[in-house]
Peer 1: 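Quick one: structure below, then a few questions.
Every number for a ligand or one of its atoms is a count from 1 in the order of the listing. Computed over heavy atoms, backbone and side chain alike; hydrogens, waters and symmetry mates excluded.
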Amino acid sequence: MNLSIIILAAGQGTRMRSDLPKILHPLGGRPLLAHVLDTARRFDDAALHVVVGHGAEQVRAAFPDPAIHWFTQQPQLGTGHAVAQVLPAIPDEHAVLVMYGDVPLIRKETLGALQVIALNNEVGLLTAELDDPTGYGRILYAADGSITGSVEEQDATNEQRRIREVNTGFVAAQAGSLRNWVESLDNNNAQGEFYLTDIIARAVTDGIIVRGVTTKDRNEVLGVNTRAQLATLERCYQLRQAMACMDDGVTLIDPARFDLRGRLAAGQDVVIDVNAVLEGNISLGNRVTIGPNVVMRDTSIADDVTILPNCVIEEADIGAGTRIGPFARIRPGTRLAQSTHIGNFVEIKNSEIGNGSKVNHLSYIGDTGIGRDVNVGAGTITCNYDGANKHRTVIGDGVFIGSDTQLIAPVTVADGATIGAGSTITRNAPAGELTLSRAPQETRKGWQRPVKKK
Ligand code: UD1
Ligand code: CA
């Protein structure tokens, strides 16, 4: 191990106006800091150090990874002071890479270039050319083209403020040198802070070369200070994910209307229409089609499944060749076998449905086991809740349930049974027979409708 990564995350994030620490605000459904940690972990064998301050306990609790070394910075006296909290824990010969908990889109490849520079006992500094550099530190050069320092906006002269190449804050250096420079920092500046950026000038004084690496993708160095910036980065992030999905062979009808808040594993020739929101772990087989406005969480879908528009599917396992929707709600614990049909305005919860079975219209199926080749008629309801406890309904193979049937659980309908439409089934229905409960129909001859009194 020869790399130590320091992630600065002690700042308050005042401009978010939130009770939640800034770095716990979600991007793509996961905390900002989770993205930064993901990127840091892609450096094999790097030691991970995170500096927290505001909301320290809450942040720590959100990341119970024993590999993270936590440091509390209290009070927050600047980025240099933050790094100083960690340096005593890092051996001199390590390369140190400084990252930021609120800059989530930085790429490993970009940071890798800084690491290489640090391993060469030079200082690697990530810079960016911005049309509007307001608020950022500016990079200062000598006449020979070498970097001589970085000056904060508040400390800059008017002339320096016109410089458009900015300091992104990402920096890598050898730990021993960094320790010397950080120990020598002072806070004699406009903000009264210990600036990490002042190490640049210290390095130059020590005759250490500072190499700038300029990123072409400005999004990767953008930080989150406001909810508006968070929304901007969310779109960048989603577009990145959309591009990756398309590279993997998924057709997205409109990559600008695709939201993946978790992870997607997709087979070939999957088509996802607009406004899909995919959360948690989603796996899609080959030739799966997802219609518009589908929300899905932690669900696994096999080959050749069609999800029609406006479905909500959570924690479900969907078998091959199945068709769901439009307007279906599939709730946790649902397992659909192969070639099942779940139609409009059907809700299914914690139930298994066998091969080839159909629940096509306006039904509630809860805590139920349904066999194969069953037809459940429109408006069928499993009455699984007695006001205190949940009970199971069991429906055998080849059963036909007439429309508008209530099945009062616990109840079993055996193989091949037929239930007459409009029945309320309170006792088990035997195999192969017609069972129905229905008030006899009568006609009252000569009956007159009431008329309004004059
Ligand atoms: C910093 C840089 C600036 C650069 C900009 C890029 C310094 C002095 N300035 O300015 O050159 O252009 O980033 O975004 O480094 N933090 C702590 N403890 C502290 C202070 C800050 O952990 O005591 C963390 C914050 O949580 C934040 C990061 O460091 O994640 C940057 O701090 P911030 O105060 O936002 O620095 P900037 O003024 O933006
Ligand atoms: Ca900032």
Peer 1: Are any of the N/O atoms on G101, whether in the backbone or the side chain, positioned under 3.5 angstrom from an N/O atom of ligand 1?
Peer 2: no

Peer 1: Is it true that E129 and R138 have a side-chain N and a carboxylate O under 4.0 angstrom from each other?
Peer 2: no

Peer 1: Number the atoms of ligand 1 from 1 as they appear, then name those within less than 4.0 Å of a heavy atom of G137, with their elements.
Peer 2: 3 (C), 4 (C), 11 (O), 12 (O)

Peer 1: Pull out every atom of ligand 1 sitting under 4.0 Å from any heavy atom of E152, numbered as shown with elements.
Peer 2: 2 (C), 3 (C), 7 (C), 8 (C), 9 (N), 10 (O), 11 (O)

Peer 1: For Y237, what residues pass the ring pair (Phe, Tyr, Trp, His ring centres under 6.0 Å) criterion, not counting sequence neighbours?
Peer 2: H35

Peer 1: Should N225 be counted as touching ligand 1, given the test is an N or O pair under 3.5 Å?
Peer 2: no

Peer 1: Any idea which of A128, A82, G78 brings a heavy atom closest to atom 23 (O) of ligand 1?
Peer 2: G78

Peer 1: Identify, with sequence neighbours excluded, every residue that meets ring pair (Phe, Tyr, Trp, His ring centres under 6.0 Å) alongside F327.
Peer 2: F345

Peer 1: Hey, which atoms in ligand 1 end up nearer than 4.0 Å to a heavy atom of T197?
Peer 2: 7 (C), 8 (C), 9 (N), 11 (O), 15 (O)

Peer 1: Number the atoms of ligand 1 from 1 as they appear, then name those within less than 4.0 Å of a heavy atom of D102, with their elements.
Peer 2: 27 (C), 30 (O)

Peer 1: Considering both backbone and side-chain atoms of G135, is one of its nitrogen or oxygen atoms within less than 3.5 Å of a nitrogen or oxygen in ligand 1?
Peer 2: no

Peer 1: Out of N167, L126, I7, who is nearest to atom 5 (C) of ligand 1 when you count heavy atoms only?
Peer 2: N167

Peer 1: Side-chain donor-acceptor pair under 3.5 Å between D386 and H391, yes or no?
Peer 2: yes

Peer 1: Quick one: which ligand 1 atoms are inside 4.0 Å of a heavy atom on Y136?
Peer 2: 6 (C), 12 (O), 14 (O)

Peer 1: Would you tell me whether N384 and Y364 have side-chain atoms, one donor and one acceptor, within less than 3.5 Å of each other?
Peer 2: yes

Peer 1: With no hydrogens and no angle check, do the side chains of Y195 and N187 hold a donor and an acceptor under 3.5 Å apart?
Peer 2: no

Peer 1: Going by the atom numbers of ligand 1, which of them fall below 4.0 Å from some non-hydrogen atom of L8?
Peer 2: 22 (O), 24 (C), 29 (O), 30 (O)

Peer 1: With a 3.5 Å cut-off and no angle check, do the side chains of H49 and Q85 form a donor-acceptor pair?
Peer 2: no

Peer 1: Taking only heavy atoms of T168 into account, list the atoms of ligand 1 that are under 4.0 Å away from them.
Peer 2: 6 (C)

Peer 1: Of the choices Y195, F194, Y100, which has the non-hydrogen atom that lies closest to atom 28 (C) of ligand 1?
Peer 2: Y100

